[in-house]
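Letters A, B, ... are given to chains in the order of the sequence lines, protein chains preceding strands, and every chain is numbered from 1. None of these values were measured; they are calculated from a predicted model.
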Number of protein chains: 2
Amino acid sequence: MSIRELAQHLNISIGTVSRALNGRSDVNPETRKRVFEAAAKFGYVPNQSGRSLRQGTTNAIGFMIEMNSETSLHGDTFFMSVFAGVQSVFKAHHLDLVVLLCPFDDDPYEHLRRVVSRRFVDGLFISATQRHDQRIDYLIEREIPFMALGRSLSGGSHPWIDLDFEGVATAAVDRLVARGHRRIGLVKPASELNLGYVFAEAYHAALVRHGIRPDPDLVVRADQTSEEGGYGAMGRLLALDERPSAVMLVNEIMAIGAYRRLHDAGLQAGRDVAVIGFRQSPQARFLSPTLTCFDVSLFDLGCRLATGLLATMPAYRDLYPVGLVQDIWPMTLVPGESDPPLLV
Amino acid sequence: MSIRELAQHLNISIGTVSRALNGRSDVNPETRKRVFEAAAKFGYVPNQSGRSLRQGTTNAIGFMIEMNSETSLHGDTFFMSVFAGVQSVFKAHHLDLVVLLCPFDDDPYEHLRRVVSRRFVDGLFISATQRHDQRIDYLIEREIPFMALGRSLSGGSHPWIDLDFEGVATAAVDRLVARGHRRIGLVKPASELNLGYVFAEAYHAALVRHGIRPDPDLVVRADQTSEEGGYGAMGRLLALDERPSAVMLVNEIMAIGAYRRLHDAGLQAGRDVAVIGFRQSPQARFLSPTLTCFDVSLFDLGCRLATGLLATMPAYRDLYPVGLVQDIWPMTLVPGESDPPLLV
DNA sequence: AAAGATGCCGTAAACGTTTACGATGACACA
DNA sequence: TGTGTCATCGTAAACGTTTACGGCATCTTT
């Protein structure tokens with residue numbers, strides 16, 4: 001059922017049908033009514049390809065996420081909540097959110113170029129930003145509206161929202177120091193994710209502020225951002241001559257492996273070694289003893305991501321006068337049993 | 001950069017450029033080479049809207065998942081693994097998998113109709129099939145290639161793959177009976193999901209086979225398929241005059257709530273009441289005592305879903321001569337500590 | 001009543017492709 | 001030379017929309 005057939009049934013021109021359906025003002029209310037009724041009757045919905053071709057817009061926004069080993073193996077509980085928030089904003093504008101999975105053996109940059117060049121979407125969210133991220137330079141050059149989940153050194157004035165890793169790292173160090181710890185280990189994530197750097201720098205600064213000399217040996221990098229990675233990293237920390245009394249983990253999945261590594265060494269998290277995880281997650285929620293970590297309101301984050309993106313798109317800019325969004329998203333401490341005061 | 005500009009740079013017609021890029025035979029190898037080089041140089045990629053409009057195909061396959069309260073609240077670890085499998089098959093055919101999230105306050109049927117009518121995708125996966133599912137009838141009527149994850153009474157000869165709920169229910173009852181249990185409760189999921197019925201019927205049949213008279217009071221339906229739902233359902237089972245010695249849960253998330261409900265009643269899973277969950281999941285993986293449940297190879301399932309769908313699409317049918325896929329997907333028991341033999 | 005404004009609608013071009021069809025030239029063969 | 005075949009390429013239509021433009025009534029104003 002095309003617009004042509006619909007127009008023939010109504011004995012009017014296709015131009016009028018199109019104007020009626022698109023809410024143009026120069027159409028008789030009576031005929032508009034007839035058009036809508038006929039469209040409903042025949043189940044007519046405009047062909048998106050034709051419409052896109054004509055007006056150069058697809059009414060779809062992509063959210064690109066990478067299926068790295070972490071995501072594909074453990075599944076991902078993070079994005080679903082964010083998507084819900086994004087959609088709650090898009091709903092009002094008849095924008096569709098489509099999730100674009102970058103296969104784990106594909107180059108994210110190449111994948112992005114393909115999607116953009118094919119003009120599949122009007123705008124994009126990208127996540128897992130690297131410290132230097134080709135994708136951002138590319139999107140800016142091509143003038144594609146986008147919003148980055150995560151900071152980066154690349155690009156300049158593009159919109160982004162990043163979780164408050166700095167605040168989290170600082171709060172974690174402060175809390176551990178207040179509880180008597182002075183040898184505090186840090187496990188960084190495996191990849192070149194920007195968050196690893198932000199986290200490490202804040203950790204370093206907090207230690208210095210407390211008059212503690214940072215020990216490079218206490219900062220280890222996980223082989224992979226996974227349970228196994230946490231297991232291995234904790235193992236290396238335990239092997240130090242002078243092992244830490246507390247360990248901070250930049251990924252909560254790794255906490256599971258860390259717990260297990262401690263257990264295998266005859267130690268126990270929260271008794272022999274204090275542990276602080278990062279983001280509260282369903283998977284780490286049932287660890288025993290409960291993990292001290294940080295909570296983030298993912299639905300609200302999704303809403304803010306959406307409005308921040310729309311604010312950069314000419315067609316929606318006036319509806320969202322929020323300016324350039326470059327937010328640090330706050331997280332709140334969820335105290336657990338895994339980091340009690342140090343017994344002397 | 002359109003095909004027209006590219007053709008002008010090369011001083012040849014746009015028809016020849018198109019034929020060259022699409023691998024037609026009637027084009028000089030020399031000019032084909034020139035075309036490819038120029039395309040690479042200028043970064044030309046065909047506009048998808050124009051191509052779709054002309055040949056009525058989008059090279060995109062949709063996977064529709066619903067953001068019900070379960071998915072959006074707890075995140076979803078299930079689909080990511082399936083997607084990875086699907087993509088591994090699609091990759092060879094330059095098909096893009098796009099995930100279509102149905103907002104939780106939208107009617108899935110209406111959402112599906114919109115996506116299909118807009119011709120956004122060439123084919124579809126649908127999941128969370130209902131016992132009677134309007135969507136299936138609609139897709140068959142519109143002759144849209146699709147594959148259902150989950151059985152349904154609707155439709156007839158469409159392709160589907162369903163997890164082996166019947167086998168799981170049977171195995172669970174057999175195992176519990178072998179361990180001395182005779183009063184076995186069942187917690188069904190909240191919604192009208194078809195799996196709930198399949199599960200319950202197999203449970204019923206297995207009891208009868210063992211000479212146990214099924215007690216309707218022992219089958220309860222959760223208010224919601226969630227931790228809270230499991231909490232409430234377990235509560236109702238415990239309130240029975242003669243409470244069950246074992247409980248089967250059709251959803252592993254509910255196991256978490258069930259554990260907690262037992263704990264609140266001064267009981268313990270695996271000691272006072274045996275518990276068997278359904279699908280192994282990262283979220284329920286760290287319950288203590290460990291939950292007896294069933295494992296499923298989700299990546300392989302994704303591969304099979306993809307080939308099953310392609311087999312119904314004319315353009316790919318000859319590549320995948322697998323006939324009509326209607327599979328029961330096997331699951332394997334993962335023994336845990338939650339269902340020890342009954343002490344008499 | 002003439003002139004201008006307004007409401008409503010039809011016409012046709014344009015978006016970027018693919019592809020059926022025909023044209024051209026080269027070549028082989030009788 | 002005339003005829004047929006083949007390789008290669010150009011032409012133009014078609015896909016389904018949206019929208020600028022112009023035209024025709026009808027209404028308002030002087």
Side-chain angles (χ1 to χ4, degrees), chain A residues 1-36 38-39 42-60 94 114-122 142 314-315, chain B residues 1-36 38-39 42-60 94 114-122 142 314-315:
Chain A
M1 167 59 81
S2 74
I3 198 174
R4 203 179 315 269
E5 303 174 57
L6 189 63
Q8 279 173 356
H9 275 284
L10 288 163
N11 255 344
I12 54 180
S13 76
I14 62 173
T16 304
V17 173
S18 175
R19 278 191 297 267
L21 291 175
N22 289 18
R24 288 298 159 94
S25 61
D26 57 345
V27 50
N28 191 310
E30 172 63 25
T31 53
R32 186 194 305 277
K33 185 155 157 288
R34 281 179 56 220
V35 170
F36 267 102
F42 295 112
Y44 167 76
V45 176
N47 178 304
Q48 186 59 40
S49 299
R51 167 178 274 178
S52 299
L53 185 56
R54 169 61 216 229
Q55 54 187 15
T57 184
T58 65
N59 284 331
H94 297 284
R114 224 167 54 83
V115 168
V116 167
S117 300
R118 281 177 33 151
R119 306 227 162 259
F120 204 74
V121 293
D122 295 338
R142 294 287 304 259
Chain B
M1 167 60 78
S2 74
I3 198 174
R4 202 178 315 269
E5 303 174 57
L6 189 62
Q8 279 175 355
H9 275 284
L10 289 163
N11 255 344
I12 55 180
S13 76
I14 63 173
T16 303
V17 173
S18 175
R19 278 191 297 267
L21 290 175
N22 289 19
R24 289 297 156 92
S25 63
D26 56 345
V27 51
N28 191 312
E30 172 63 25
T31 54
R32 187 194 305 279
K33 185 157 157 285
R34 282 179 54 219
V35 170
F36 268 103
F42 294 113
Y44 168 77
V45 176
N47 178 303
Q48 186 59 38
S49 299
R51 166 179 273 178
S52 299
L53 185 57
R54 169 60 215 233
Q55 54 188 17
T57 184
T58 66
N59 284 331
H94 297 283
R114 223 168 54 83
V115 168
V116 167
S117 301
R118 281 178 30 153
R119 306 227 163 259
F120 204 74
V121 294
D122 294 338
R142 293 287 304 260

Engineer: If I compare all heavy atoms of A/M1 with all of A/Y44, which pair ends up nearest, and what's the gap?
Structural biologist: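 It is O-CD1, 3.4 Å.
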
Engineer: Counting just side-chain N and O atoms, does A/S18 come under 4.0 Å of either OP1 or OP2 of D/dT18?
Structural biologist: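 Answer is yes, contact under 4.0 Å.
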
Engineer: Please round to the nearest 0.5 Å and tell me the distance separating atom CD1 of B/I14 and atom CZ of B/R4.
Structural biologist: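 The CZ atom of B/R4 is 5.0 Å from CD1 of B/I14, to the nearest 0.5 Å.
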
Engineer: What parts of residues 22-29 of chain B reach DNA chain C, counting only heavy atoms under 4.0 Å away?
Structural biologist: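 Within residues 22-29 of chain B, the residues near DNA chain C are B/N22, B/R24.
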
Engineer: Taking atom C1' of D/dG10 as reference, at what distance in whole Å does atom CZ of B/R19 sit?
Structural biologist: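 So the two atoms are 8 Å apart, to the nearest Å.
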
Engineer: Measuring from the side chain of A/R54 (C-beta onward, heavy atoms only), which nucleotide among C/dG10, C/dG16, D/dT18 has the closest atom?
Structural biologist: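 For A/R54, the side-chain atoms sit closest to D/dT18.
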
Engineer: Rounding to an integer number of Å, can you tell me how far A/Q48 CD sits from D/dG16 P?
Structural biologist: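 Rounded to the whole Å, the gap is 14 Å.
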
Engineer: Remember a base hit wins even if backbone is also touched, and classify A/T31 as base, sugar-phosphate or nothing at under 4.0 Å, heavy atoms.
Structural biologist: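 The residue A/T31 makes sugar-phosphate contact but no base contact.
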
Engineer: Hey, can you pull the residues of residues 2-14 of chain B with a non-hydrogen atom under 4.0 angstrom from DNA chain D?
Structural biologist: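 Going residue by residue through residues 2-14 of chain B, the ones with a heavy atom under 4.0 Å of DNA chain D turn out to be B/I12, B/S13.
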
Engineer: Report yes if a side-chain nitrogen or oxygen of B/R51 is closer than 4.0 Å to either non-bridging phosphate oxygen (OP1 or OP2) of C/dT18; otherwise report no.
Structural biologist: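 For C/dT18, OP1 or OP2 has a side-chain N or O of B/R51 closer than 4.0 Å.
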
Engineer: Do B/I3 and B/S18 come within less than 4.5 Å of each other through their side chains, counting heavy atoms only?
Structural biologist: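 Yes; the side chains approach each other to less than 4.5 Å.
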
Engineer: Starting at CG of A/N47 and ending at P of C/dG16, how long is that distance when rounded to a whole Å?
Structural biologist: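 Roughly 17 Å, once rounded to whole Å.
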
Engineer: Touch check for A/S49, heavy atoms < 4.0 angstrom, all strands: base, sugar-phosphate only, or nothing?
Structural biologist: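 The answer is nothing, as A/S49 stays clear of every strand by at least 4.0 Å.
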
Engineer: Mind checking salt bridge (charged side-chain N to carboxylate O under 4.0 Å, His left out) for B/R118 and listing every partner two or more places apart, or none if nothing turns up?
Structural biologist: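 B/R118 satisfies salt bridge (charged side-chain N to carboxylate O under 4.0 Å, His left out) with A/D96 only.
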
Engineer: Which pairs would a plain distance check flag for residues 19-29 of chain A, meaning a side-chain donor or acceptor within less than 3.5 Å of a matching protein atom at least two apart in sequence or in another chain?
Structural biologist:
| residue | atom | partner | partner atom | Å |
| --- | --- | --- | --- | --- |
| A/R19 | NH2 | A/T16 | OG1 | 3.4 |
| A/N28 | OD1 | A/E30 | N | 2.7 |

Engineer: Just how far, in rounded Å, is C1' of C/dG16 from CG of B/L21?
Structural biologist: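 Distance check: B/L21 CG to C/dG16 C1' gives 13 Å.
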
Engineer: Looking at five pairs on each end of the helix from C/dA1-D/dT30 to C/dA30-D/dT1, what is the angle between the two axes, given to 10 degrees?
Structural biologist: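 Terminal axis comparison yields 50°.
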
Engineer: To the nearest angstrom, how far is B/L53 atom CG from C/dT19 atom P?
Structural biologist: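 So the CG-P distance, B/L53 to C/dT19, works out to 13 Å.
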
Engineer: Hey, is the side chain of A/Q55 poking within less than 4.0 Å of OP1 or OP2 on D/dT19, counting only N and O atoms?
Structural biologist: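 Yes, because at least one side-chain N or O of A/Q55 sits under 4.0 Å from OP1 or OP2 of D/dT19.
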
Engineer: Return all side-chain donor-acceptor pairs below 3.5 angstrom for residues 52-59 of chain B, not counting sequence neighbours, or 'none' if the list is empty.
Structural biologist:
| residue | atom | partner | partner atom | Å |
| --- | --- | --- | --- | --- |
| B/S52 | OG | B/Q48 | O | 2.7 |
| B/S52 | OG | B/Q48 | NE2 | 3.0 |
| B/S52 | OG | B/T57 | O | 3.2 |
| B/T57 | OG1 | B/D122 | OD1 | 3.2 |
| B/T57 | OG1 | B/D122 | OD2 | 2.6 |
| B/T58 | OG1 | B/A60 | N | 3.3 |
| B/T58 | OG1 | B/F120 | O | 3.2 |
| B/T58 | OG1 | B/D122 | N | 3.4 |
| B/T58 | OG1 | B/D122 | OD1 | 3.2 |

